[in-house]
Amino acid sequence: MRPVIVIVGRPNVGKSTLFNRLSRSRNALVDDQPGVTRDRIYASLQIEGVPLDLVDTGGFEDLGQDPLLKEVRGQVERGIAEADRVIFVVDGRAGVMPGDQEMADLLRKRQKDVVLGVNKVDGPEHDFRIHDFHSLGLGTPFGISAAHGYGFGDFKDALIKNLPAQQEEQENPNQIRVAVLGRPNAGKSSLINRILRDERLLVSDTPGTTRDAVDSIFHHRGREYLFIDTAGIRRRGKVKERIEKFSIVKALRSLDRCHVAVILLDGERGISEQDTRICGYALDRGRGLVLAVNKWDLIKRDPGERDQIRTAFERQMKFVSFAPRVHLSALTGERVMSLFQSIDMVYEQFSTRISTGAVNRALRQIVERHPPQRIGRGRLKFLYATQARTRPPTFILMVNRPDLVHFSYKRFLTNQFREHFGLTNTPIKLKFKER
Ligand code: GDP
Ligand code: GDP
């Protein structure tokens with residue numbers, strides 16, 4: 001799992017400017033998946049070679065769940081609780097404000113690992129603005145300019161210093177790790193409880209390897225499934241409601257650990273922005289994806305509603321059109337078990353390995369039939385290709401000049417690879433390297 005750094009601070013201090021500056025390097029990392037909109041609140045990135053996740057709590061206000069400030073504060077608090085490190089941004093121009101003091105108290109009380117960024121210190125002539133902030137009692141304040149980059153050398157060093165190292169989960173070859181994600185009330189708890197109850201098969205809650213996540217193991221048709229972090233999900237009713245609002249950091253952690261993410265959509269309410277966002281994260285991380293439309297019992301007999309869902313998928317979920325879709329009802333149990341067929345199928349493809357010979361034969365065929373167009377004066381040439389890794393299938397293509405790969409040609413090749421190798425239901429990655 002990658003360490004998570006969360007940005008907090010009062011409105012207008014420059015959190016999103018900082019987020020943008022830090023996540024700019026992301027371009028190089030994320031294979032440009034057309035259709036994925038840039039997320040303003042979460043980015044998976046590297047700072048000086050150290051991989052981490054960055055979350056801007058300022059964006060939480062937009063999740064459209066509850067406009068009350070109290071709720072926003074709750075979100076921020078949860079974000080802080082789950083973070084490995086917090087960047088606390090203050091406005092150097094404004095000086096120490098009461099809100100800063102309040103936040104500093106909270107962070108100190110929680111004993112969080114804080115890096116204090118005094119923003120809007122746009123050059124050495126502003127350095128005097130930093131001193132006041134020693135009074136917050138959060139260690140050395142760093143004078144930075146999120147807008148112009150001043151002070152970023154030391155600041156970045158502080159961000160990555162002594163971060164907990166990335167932990168790789170031990171792979172159990174016979175076990176499929178599944179994360180069930182979705183917005184509150186989509187029916188996650190109903191689904192998980194039904195799965196774990198219906199089959200009356202061995203169910204054991206095992207303490208997860210990290211951060212007290214409690215997972216559930218489930219056996220079905222000779223396979224073992226590990227449902228990630230089910231403790232919070234399984235709790236029912238009021239107790240749950242109070243503590244289990246959507247948490248982005250939690251969702252990221254579950255995504256990190258899973259092979260296949262089941263995004264549970266609330267069929268009755270349609271696809272929300274939060275749903276597409278989670279799908280974007282899953283895609284970013286190259287996780288297998290199954291889209292489950294829940295509460296089908298309520299909509300299956302209404303052609304109008306079914307049409308609406310179909311249109312919503314075409315409009316909002318096109319960028320993950322490779323993900324199989326299951327219509328189910330956690331309430332009646334209808335098609336809940338067929339969810340496993342989809343999970344199995346995605347997992348098989350997700351784990352597929354294609355021999356180098358087969359990859360190259362296919363590549364030659366594809367390129368012969370549809371050679372890349374000339375860009376400027378250069379012509380793209382393919383030397384050879386190989387599958388560098390699985391989960392997801394990742395192919396390296398050696399070319400004369402990677403800069404000549406047009407994104408539309410990359411998309412074309414990606415689709416061709418999917419078809420050639422039966423990888424139509426898993427994310428795959430193509431990387432171009434210069435020979
Ligand atoms: P947020 O509400 O905390 O996310 O703040 P924003 O990132 O939206 O920034 C608020 C305002 O401060 C905007 O007008 C920014 O242009 C400005 N701003 C952000 N960073 C800097 C900086 O480093 N220097 C100066 N002078 N202005 C900045
Ligand atoms: P969670 O917040 O995602 O865990 O959602 P819950 O499992 O607590 O379900 C939220 C509400 O939706 C509850 O009132 C459930 O009874 C209801 N619900 C869940 N699944 C279904 C379904 O398939 N059909 C119908 N009609 N209601 C459902």
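Owing to the predicted nature of the structure, the values given are computational and were not obtained by experimental measurement. One-based numbering, in listed order, for ligands and for the atoms of each.
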Take Y281 and D256 through the test side chain to side chain donor-acceptor pair (under 3.5 Å) and record every step on the way to the result.
CA-CA 10 Å; Y281 299 158; D256 247 0; over 6 Å; no

Determine whether L331 and K295 satisfy the following criterion, side chain to side chain contact (heavy atoms under 4.5 Å, CB included), listing intermediate values before the conclusion.
CA-CA 7 Å; L331 191 71; K295 311 197 183 175; over 6 Å; no

Would S351 and R391 count as a side chain to side chain donor-acceptor pair (under 3.5 Å) if you check the C-alpha gap in whole Å, the side-chain angles of each, and the deciding distance to 0.1 Å?
CA-CA 5 Å; S351 314; R391 302 181 178 180; 3.2 Å; yes

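Remark: aromatic rings of F218 and F340 are close, center separation under 6.0 Å.
Where the criterion is an N or O separation shorter than 3.5 Å, residue side chain and backbone included, I144 fails it with respect to ligand 1. Distances between N or O atoms of L331 and those of ligand 2 include at least one value under 3.5 Å. Some N or O of S189 is nearer than 3.5 Å to an N or O of ligand 2, by distance alone. Of the polar atoms of G187, at least one N or O is found under 3.5 Å from an N or O of ligand 2, judged by distance alone. Considering backbone and side-chain atoms together, T332 places no N or O closer than 3.5 Å to any N or O of ligand 2.
Those atoms of ligand 2 with a heavy atom of P184 less than 4.0 angstrom away are 2 (O). Of all atoms in ligand 1, numbered sequentially from 1 with element shown, those under 4.0 Å from a heavy atom of R93 are 26 (N). Atoms of ligand 1 found under 4.0 Å from any heavy atom of K15, numbered from 1 in the order shown, are 1 (P), 2 (O), 3 (O), 4 (O), 5 (O), 7 (O). Here is the list of ligand 1 atoms found below 4.0 Å of a heavy atom in R10: 3 (O). Close approach of ligand 1 to D122 (heavy-atom distance below 4.0 Å) involves ligand atoms 22 (C), 23 (O), 24 (N), 25 (C), 26 (N). Remark: ligand 2 atoms within the under-4.0 Å shell around heavy atoms of K188 are 1 (P), 2 (O), 3 (O), 4 (O), 5 (O), 7 (O). Within ligand 2, the atoms closer than 4.0 Å to a non-hydrogen atom of S329 are 22 (C), 23 (O), 24 (N), numbered from 1 in the order shown.
Residue contacts with ligand 1, taken as heavy atom pairs separated by less than 4.0 Å, do not involve D56 at all. Residue-level proximity to ligand 2 for L298 is carried by the side chain, the only part with a heavy atom below 4.0 angstrom. At a 4.0 Å heavy-atom cut-off, ligand 2 touches R183 through the backbone alone.
Between Y409 and F412, the two ring planes are tilted [angle within 30° to 60°].
S321 places no side-chain N or O within 3.5 Å of a backbone atom of F319 that could act as its donor or acceptor partner. In this structure, R183 contributes its side chain and L264 its backbone to no donor-acceptor pair below 3.5 Å. A donor-acceptor distance shorter than 3.5 angstrom exists from the side chain of R21 to the backbone of A147, with no hydrogens or angles considered. Looking at Q349, its side chain does come within 3.5 Å of a backbone N or O of N425 through a donor-acceptor pair.
The local environment of CZ in R353 is crowded, with over 12 non-hydrogen atoms from other residues, nucleotides or ligands closer than 6.0 Å. When the shell of 6.0 Å around CD of E48 is examined, it contains more than 12 heavy atoms from other residues, nucleotides or ligands.
Counting protein heavy atoms under 4.0 angstrom from atom 22 (C) of ligand 1 gives one or more. Protein heavy atoms are found inside the 4.0 Å sphere centred on atom 7 (O) of ligand 1. Not a single protein heavy atom sits closer than 4.0 Å to atom 14 (O) of ligand 1.
In terms of protein heavy-atom proximity, atom 20 (N) of ligand 1 is nearest to N119 ND2, 3.1 Å. Considering only non-hydrogen protein atoms, atom 16 (O) of ligand 1 sits nearest to T17 OG1, 4.7 Å. For atom 5 (O) of ligand 1, the closest non-hydrogen atom on the protein side is G14 N, 3.0 Å. Closest to atom 4 (O) of ligand 1, if we only count protein heavy atoms, is S16 N, 2.8 Å. Nearest to atom 18 (N) of ligand 1 among the protein's heavy atoms is K120 CE, 3.7 Å.
Between D215 and R253, none of the side-chain N atoms (NZ, or NE/NH1/NH2) sits under 4.0 Å from a carboxylate O, so this pair counts as no salt bridge. Salt bridge present: E348 and R223 bring a charged side-chain N and a carboxylate O closer than 4.0 Å.
Ligand 2 has no atom lying under 4.0 Å from any heavy atom of E334. Ligand 2 is approached by A186 to a heavy-atom distance shorter than 4.0 Å. Ligand 1 lies less than 4.0 angstrom from a heavy atom belonging to P11.
By heavy-atom distance, the residue among N185, D266, V293 lying nearest atom 2 (O) of ligand 2 is N185.
Among the candidates E334, H327, E305, the single residue satisfying the side-chain hydrogen bond (donor to acceptor under 3.5 Å, both in side chains) test with K300 is E334.
A donor and an acceptor atom, one from each side chain of T17 and N20, are nowhere located under 3.5 Å apart.
A pairwise comparison of heavy atoms in K15 and V8 identifies CD-C, 3.6 Å as the closest pair.
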